[in-house]
Structure formats: structure tokens, C-alpha cells
Number of protein chains: 2
Amino acid sequence: MSGEDNLLKLVEVEAPDDQDYLLQEQVGFILRKAHQRHVAIFAAHIGDLTPPQFAALAKLRDVGETSQNQLGTLIAMDAATVKGVIDRLKARGLVELSRHEVDKRRLLVNLTAAGRDAIERLIPLAREITQETLAPLSAKEIATFMKLLVKLA
Amino acid sequence: MSGEDNLLKLVEVEAPDDQDYLLQEQVGFILRKAHQRHVAIFAAHIGDLTPPQFAALAKLRDVGETSQNQLGTLIAMDAATVKGVIDRLKARGLVELSRHEVDKRRLLVNLTAAGRDAIERLIPLAREITQETLAPLSAKEIATFMKLLVKLA
DNA sequence: TTGATATCATTTGCATACGAATGAATTTCT
DNA sequence: AGAAATTCATTCGTATGCAAATGATATCAA
């Protein structure tokens, strides 16, 4: 019985029927939905900042002044994307920009006092966002999920 | 020793120090990176179609003709987003649009012959994309991960 | 030293993604 | 039937996200 099942499974893997392709079971599709849900939870808690903007501030808090490019690497954004994010944070007075003294290509980014205040104030909310995002899972499931998600990312 | 560690852990959970907030350990951040990685894998296999466009075609293959709105619900896109996706698929001749005879509000979407050919041709590639996305995990880990991801999405 | 390479930033173009506002058509309620 | 509420689609504005091209600066190598 189980031998036959295994055989069938093998055959399926080797020569799957196109009829069986179900979008709603594919990782990519579900990953997109999970991400959407998280963004919605984020917006419900922190309305005036997007997740990428928050990520930029949180990382600047960690590492202090860095180049725009380096910051992009740290928060997984390409150069074009990070520029837009930083421009908007600068327009709101949360970060300030300056040129690197030695390497004139680099644009240094740093938190302003307002930016530091904002990120310190928002971090407790961010903890709630993480909690609510993971709420469908038990503590043990969370540990398992996070371990596997890290492997996948 | 381990007793002290557990006590420390408990204290940490109850009253976490803001200093401990690490962006790179938050679900939302890793979810975003995992999604990014999947999109990159998708683009490497299917260059001339985006994941949302593919999702629309795959779902139309499943359910046949539907309204634009209903399709959006099925593939988790809001009305504004699905419109853009369908417009581009229409411009490429992969779907065709018509008005619902009875309910004149509804815009019916259907695959063209070219659209059906395209999705049938792409599904084997989509299987590879799913496989490659999940490649960092073992078969058992994949089963666990998918179960938990579904709960989260 | 200078010529080739590499790095950093910017810009453009295209494609999601979503909130909010609007208009048209339908349904529900009274 | 007529008014109110709902639903479907569209449009606008804002914000990622990435590829590709460009310009400025640095670094490396012959």
C-alpha cells in the first residue's frame, strides 16, 4: 500500500500532469499573499510610514551613518529603490544627507534627531506587528517557520 | 546555569529591551526577502511575463471566463491592480474582454487561443520555479513550511 | 601615469500595489 | 415604485521594485 503510494508519488514528480497545476498551492503565490497580509498589518499599526521606510530608519539606528548604497545592501533594496525611500525620509526631516569627505561618490545618510525619536517610538509598535503577523502560529510553529523562512530567503 | 538562562529569556520576552530590536530577524523583513528571491527566480525562468500576469492566466485557465473583479479576488489583487495586469495581457493578445450580457457593470475576461497556448507552455516552467524556490529545503521541510505558510497567508 | 575596471549615485521606463474618489449599474429595503 | 445601499470598474496619486543607461569618482594594472 505505502509502497504503491510512494511509487505513484515518484511518477507524479517525474511526469506531473499539467491539469494538476494549482496556483493557490504554489510557494510564490502564497508567499505573495503572506507578504500582503503583513503589509496590511503594518499599515494598521503604523500608518504614516511604509515597511521599507521603517526598515531604513531601523537599520540606520543599528549601524549609524552609512552610504546610501551600503544601506540599500543592508535592507535588501537596489540603488534605485533606496534612493526613493531616502528622498522621502529626507523630505520629512527624518534623515539627513551629506557627502563623504574622502570618497566624493558616496552619499552619507544619517538619522536626524526627529528620525531617532521616530524610530524609538515606533519599535514597540513594530514588535506588535511581528506578533500579530505570527499570531496564527503557536510558539513552537513560529520557531520552526522562522528557521525555514530564513533558509528560503 | 540553564535555569538562569531561562529566567533571562523570560524577562526578555516580557520586557524586551528596545536595543534588541533586530530588523533582519523580523518576519516581515524576511518575508519580503523571500518574496524578492522568488520573483528573481521567476524572472530567470519566465522573462516575458511577471508573476501577477502569470497568476491571472493560470487562474483563467482554471475557472474560465470571469469578471475582472472576481479574477482579482481569486488571485488576491485589488481592483486597481488587476485592471493594469489585464490591460497589459489584453495589449499582448493573451486575454480578451467582453461585457456581461445581463449585468452591464461586469467586464468579462477570457483567455484567447494565444493565451491558452502561452499558459500551457509556461506551466512546466512554473513547476521548475516552485522547485527552485523551495530548493534550500528538504522534502520534509517543504511540507512543514508550506503548511505553516498557508496558515500565515 | 594612464588606460581599463569597478563602484556609487542618478535617471528613465515599466510593472505591481493600494487608498480614495467617482460614475454606472444592480440589488435591497421600505 | 423609489430611495438607499452595494457592487463593478475606472482613475488618480503615492510608493515600492527592478533593469538598463549614464555620469562621476576611485581603484587597479600594465
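Only heavy atoms go into these numbers, but all of them, side chains included; no hydrogens, no water, no symmetry mates. Every chain is numbered from 1 and lettered A, B, ... according to where its sequence line falls, protein lines coming before strand lines.
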Nearest whole angstrom, please: distance from the C1' of C:dT11 to the NZ of A:Lys83.
9 Å
Output side-chain donor-acceptor pairs under 3.5 Å for residues 47-60 of chain B, partner residues at least two apart or in another chain, one line each.
{"residue": "B:Thr50", "atom": "OG1", "partner": "B:Gln53", "partner atom": "N", "Å": "3.3"}
{"residue": "B:Gln53", "atom": "OE1", "partner": "B:Thr50", "partner atom": "N", "Å": "3.1"}
{"residue": "B:Lys59", "atom": "NZ", "partner": "A:Gln24", "partner atom": "OE1", "Å": "3.0"}

Dump every N/O contact between nucleotides 24-27 of chain C and the protein below 3.5 Å, one line per pair.
{"residue": "C:dT26", "atom": "OP1", "partner": "B:Val102", "partner atom": "O", "Å": "2.8"}
{"residue": "C:dT26", "atom": "OP1", "partner": "B:Lys104", "partner atom": "N", "Å": "3.1"}

Please name all residues satisfying side chain to side chain donor-acceptor pair (under 3.5 Å) with A:Thr66, sequence neighbours left out, ordered by chain then number.
none
Quick check for you: name the first and last nucleotides of DNA chain D, 5' to 3', having an atom under 4.0 Å from a heavy atom of chain A.
D:dA15 to D:dA26
On the nucleotide C:dT7, are OP1 or OP2 found under 4.0 Å from the side-chain N or O atoms that A:Gln70 carries?
no
Throw together a table of side-chain donor-acceptor distances under 3.5 angstrom for residues 27-43 of chain A, partners on residues two or more places apart or in other chains.
{"residue": "A:Arg32", "atom": "NH1", "partner": "B:Ile75", "partner atom": "O", "Å": "3.1"}
{"residue": "A:Arg32", "atom": "NH2", "partner": "B:Ile75", "partner atom": "O", "Å": "3.1"}
{"residue": "A:Arg32", "atom": "NH2", "partner": "B:Ala76", "partner atom": "O", "Å": "2.9"}
{"residue": "A:Gln36", "atom": "NE2", "partner": "B:Ala76", "partner atom": "O", "Å": "3.1"}
{"residue": "A:Arg37", "atom": "NH1", "partner": "A:Thr133", "partner atom": "O", "Å": "2.9"}
{"residue": "A:Arg37", "atom": "NH1", "partner": "B:Leu152", "partner atom": "O", "Å": "2.9"}
{"residue": "A:Arg37", "atom": "NH2", "partner": "A:Glu132", "partner atom": "O", "Å": "3.2"}
{"residue": "A:Arg37", "atom": "NH2", "partner": "A:Thr133", "partner atom": "O", "Å": "3.4"}

Of all residues at least two apart in sequence or in a different chain, which pass the side chain to side chain donor-acceptor pair (under 3.5 Å) check with B:Ser67?
none
If you look only at pairs with a residue in residues 144-153 of chain B, which of them pass as a salt bridge (Lys or Arg N to Asp or Glu O under 4.0 Å), with sequence neighbours excluded?
A:Glu141-B:Lys151
Residue pairs fulfilling side chain to side chain donor-acceptor pair (under 3.5 Å) with at least one residue in residues 89-102 of chain A, sequence neighbours excluded:
none
Quick note, salt bridge (Lys or Arg N to Asp or Glu O under 4.0 Å) partners involving residues 64-74 of chain A, not counting sequence neighbours, are none
All pairs passing salt bridge (Lys or Arg N to Asp or Glu O under 4.0 Å) where residues 66-79 of chain B contributes a residue, at least two apart
none
Could you write nucleotides 14-22 of chain C as a row of B, S and -, 5' to 3', where a protein heavy atom under 4.0 Å of any base atom gives B, of only sugar-phosphate atoms gives S, and otherwise -?
-SBBBB---
If the condition is side chain to side chain donor-acceptor pair (under 3.5 Å), which residues does B:Arg106 pass it with, not counting sequence neighbours?
B:Asp103
Nearest heavy atoms of B:Leu148 and A:Leu137, plus distance in Å:
O-CD2, 3.9 Å
